[in-house]
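So that the names make sense, note that chain A is the first sequence line, chain B the second, and so on, each numbered from 1. Please read these numbers as outputs of a predicted model, since none were measured by experiment.
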Number of protein chains: 2
Amino acid sequence: MENAEKYNALKLENQICFPLYAASREIIKKYRPFLDEIGLTYTQYIAMMVLWEEKSINVKTLGEKLFLDSGTLSPVLKSLEDKGFVSKLRDKNDERSVTVNLTEKGERLKERAAEIPSKIVKCVSLPPDDALHLYTLLYKLLATVKE
Amino acid sequence: MENAEKYNALKLENQICFPLYAASREIIKKYRPFLDEIGLTYTQYIAMMVLWEEKSINVKTLGEKLFLDSGTLSPVLKSLEDKGFVSKLRDKNDERSVTVNLTEKGERLKERAAEIPSKIVKCVSLPPDDALHLYTLLYKLLATVKE
DNA sequence: TTCAATTTAATTGAGTTCAATTTATTTTAA
DNA sequence: TTAAAATAAATTGAACTCAATTAAATTGAA
């Protein structure tokens with residue numbers, strides 16, 4: 001290998017992970033003003049997304065869906081509980097497991113959150129074809145990474 | 001709009017940001033064992049990537065390249081300085097500005113880091129066509145987000 | 001049956017991330 | 001010229017992220 005090329009793979013511009021990491025953070029930043037209005041952080045918001053669909057889910061399964069472990073989820077769920085959006089209960093059949101439940105107040109929050117996705121689309125306007133392709137590639141990537 | 005469709009945009013599976021965020025974290029996790037060997041975190045690693053190319057750069061420009069502000073960079077650069085990989089100096093022409101310089105030790109670290117990209121490719125094996133397409137879309141996305 | 005291995009959440013600690021503030025310096029406009 | 005505005009970096013504080021550990025409960029093998 002030519003000496004001039006020896007370190008090419010180490011250049012920031014030749015990384016696939018870096019633009020992934022940067023784009024992820026830049027988009028999450030765009031959510032902030034909208035999430036501030038409903039009193040959620042981005043991590044709390046994606047946890048609520050699952051709760052809005054499932055109504056009830058245990059911590060382990062929620063963690064698998066979000067790719068987050070209990071070290072991250074515990075304080076996130078505590079915060080959502082403190083705000084009254086979810087309640088937590090030990091599973092009677094298996095006392096190791098904790099089930100998270102959507103509350104009435106959490107259900108009502110869904111109405112206000114429903115405005116957010118369309119607002120984000122305005123900030124982050126990839127053409128629909130590109131967005132779909134990106135979506136497909138990201139899930140393909142996630143599938144290869146998850147061992 | 002049908003009631004059944006009213007909240008579709010709020011479903012986790014219909015988000016573009018979520019797989020971005022999840023994939024970013026999952027890949028960075030793959031770096032860890034390799035970065036542990038050379039004593040860097042991922043954030044420190046991408047900062048070093050810029051330094052390996054530029055040798056010398058001020059904090060503001062580094063921040064622009066990495067999409068990170070001084071709130072994040074200050075402790076990262078302090079840690080790199082403590083480990084002897086970079087040195088910092090106030091700019092004589094503009095005392096507000098700080099220039100970060102690659103040290104001899106930092107230069108030597110590049111040899112060991114050069115092994116990492118190929119190891120990551122083995123953990124994250126998207127077909128080359130897909131990887132290139134993903135790369136293109138991510139930079140396109142970054143361009144639309146950065147206002 | 002019983003005790004070792006496994007599983008589930010929570011906790012801990014180091015490091016990151018970001019908004020907001022502070023400090024020091026430089027630039028600009030009156 | 002000088003006072004206000006702008007800029008650069010550091011600091012602060014809240015929250016996230018993750019590896020490692022801990023505690024409690026369950027499972028499984030001898």
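Distances were taken from every side-chain heavy atom of A/T72 (C-beta onward) to each of C/dA9, D/dA19, D/dC16; the shortest belongs to D/dC16. Side-chain proximity of A/R90 to the nucleotides C/dT17, D/dT17, C/dA10 is greatest for C/dA10. Nearest to the side chain of B/V59, among D/dC16, D/dA9, C/dA10, sits D/dA9.
Near-neighbour residues of DNA chain D inside residues 40-54 of chain A, defined by a heavy atom below 4.0 Å, number-ordered: A/T41, A/T43, A/Q44.
To the nearest 0.5 Å, the span separating CG on A/L80 from OG1 on A/T41 amounts to 7.5 Å. In this structure, CG in A/L20 is found 11.5 Å from CG in B/L137, a value given to the nearest 0.5 Å.
A donor-acceptor pair under 3.5 Å is formed between the side chain of A/R112 and the backbone N or O of A/E37.
Taking the six-membered ring where the residue is Trp, A/Y45 and A/W52 present perpendicular rings, their angle passing 60° and hence far from 30°.
A salt bridge links A/E64 with A/K60; the closest basic N to acidic carboxylate O contact falls under 4.0 Å.
For B/F67 and A/Y21, the ring centers sit 6.0 Å or farther from each other.
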What N/O pairs connect the protein and nucleotides 24-28 of chain C at under 3.5 Å? Give each pair on its own line.
{"unit_1": "C/dT26", "atom_1": "OP1", "unit_2": "B/E95", "atom_2": "N", "d": "3.0"}
{"unit_1": "C/dT26", "atom_1": "O4'", "unit_2": "B/R96", "atom_2": "NE", "d": "3.4"}

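No contact: A/L73 has no heavy atom under 4.0 Å from any strand.
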